[in-house]
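Each remark here refers to the structure printed beneath this line.
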Amino acid sequence: QVQLVESGGGLVQAGGSLRLSCAASGRAFSSYSMGWFRQAPGKEREFVAVVKWIATITYYADSVKGRFTISRDNAKNTLYLQMNSLKPEDTAVYYCAASALSGYPSRTYQYDYWGQGIQVTVSS
């Protein structure tokens, strides 16, 4: 079992920045690929970014590429999402998730554990 708890969300103006954190506890955090997803009202949950257990290997959705950076600190069992140049369309509940799969899991069904989600609101 892996427990995930997100923090760092809130309200920010367009063009601003936020950093989300996801604290993990339980089984070997470093062995999982870790991802961020988001879900806006009335929309399906969508992939944002994933980082493999080797922290230098990352993959992003086109909508956030160049603006968001995913990273992890295996010693602290923590996942991060640095979000810069935020846009109103980035407004959503953001979820961190853990996947035991290799490759670049980008579908919700490929993830085994989920956090409870945290709200990010970008005002125009």
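Here the structure is a predicted model, which is why all the values come from computation and not from measurement. All heavy atoms count here, side chains included; hydrogens, waters and symmetry mates do not.
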Residues 13-25, side-chain donor-acceptor partners within the protein, below 3.5 Å, at least two apart:
residue : atom : partner : partner atom : Å
Ser17   : OG   : Asn84   : OD1          : 2.9
Ser25   : OG   : Gln3    : OE1          : 3.2

What side-chain donor-acceptor pairs closer than 3.5 Å can you find for residues 28-38, not counting sequence neighbours?
residue : atom : partner : partner atom : Å
Ser31   : OG   : Ala28   : O            : 2.7
Trp36   : NE1  : Tyr80   : O            : 3.1
Arg38   : NE   : Glu46   : OE2          : 2.6
Arg38   : NH1  : Asp90   : OD1          : 2.9
Arg38   : NH1  : Tyr94   : OH           : 3.0
Arg38   : NH2  : Glu46   : OE2          : 3.2

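Summarising the local packing, NZ of Lys43 is surrounded by 12 or fewer heavy atoms from other residues, nucleotides or ligands at distances under 6.0 Å.
A donor-acceptor contact shorter than 3.5 Å links the side chain of Thr91 to the backbone of Val122.
Here the CZ atom belonging to Arg72 is positioned 12.0 Å from the OG1 atom belonging to Thr58, to the nearest 0.5 angstrom. Here the straight-line distance linking atom NZ of Lys52 with atom CG of Leu101 works out to 9.0 Å at 0.5 Å rounding. Atom CD of Gln119 and atom CD of Gln39 lie 11.0 Å apart (nearest 0.5 Å).
Clustering ILVMFWY residues whenever any of their side-chain heavy atoms sit less than 4.5 angstrom apart, transitively, puts Phe47 in the very cluster that holds Ile57.
For the pair Ser71 and Leu79, the tightest heavy-atom approach, listed with the atom from each and the gap, is O-CD1, 3.3 Å.
In this structure, Tyr60 and Val51 have side chains that are not in contact, with every pair of non-hydrogen atoms separated by 4.5 Å or more.
Each side-chain hydrogen bond (donor to acceptor under 3.5 Å, both in side chains) pair with one or both residues in residues 104-116, not counting sequence neighbours, appears once here: Glu6-Gln116.
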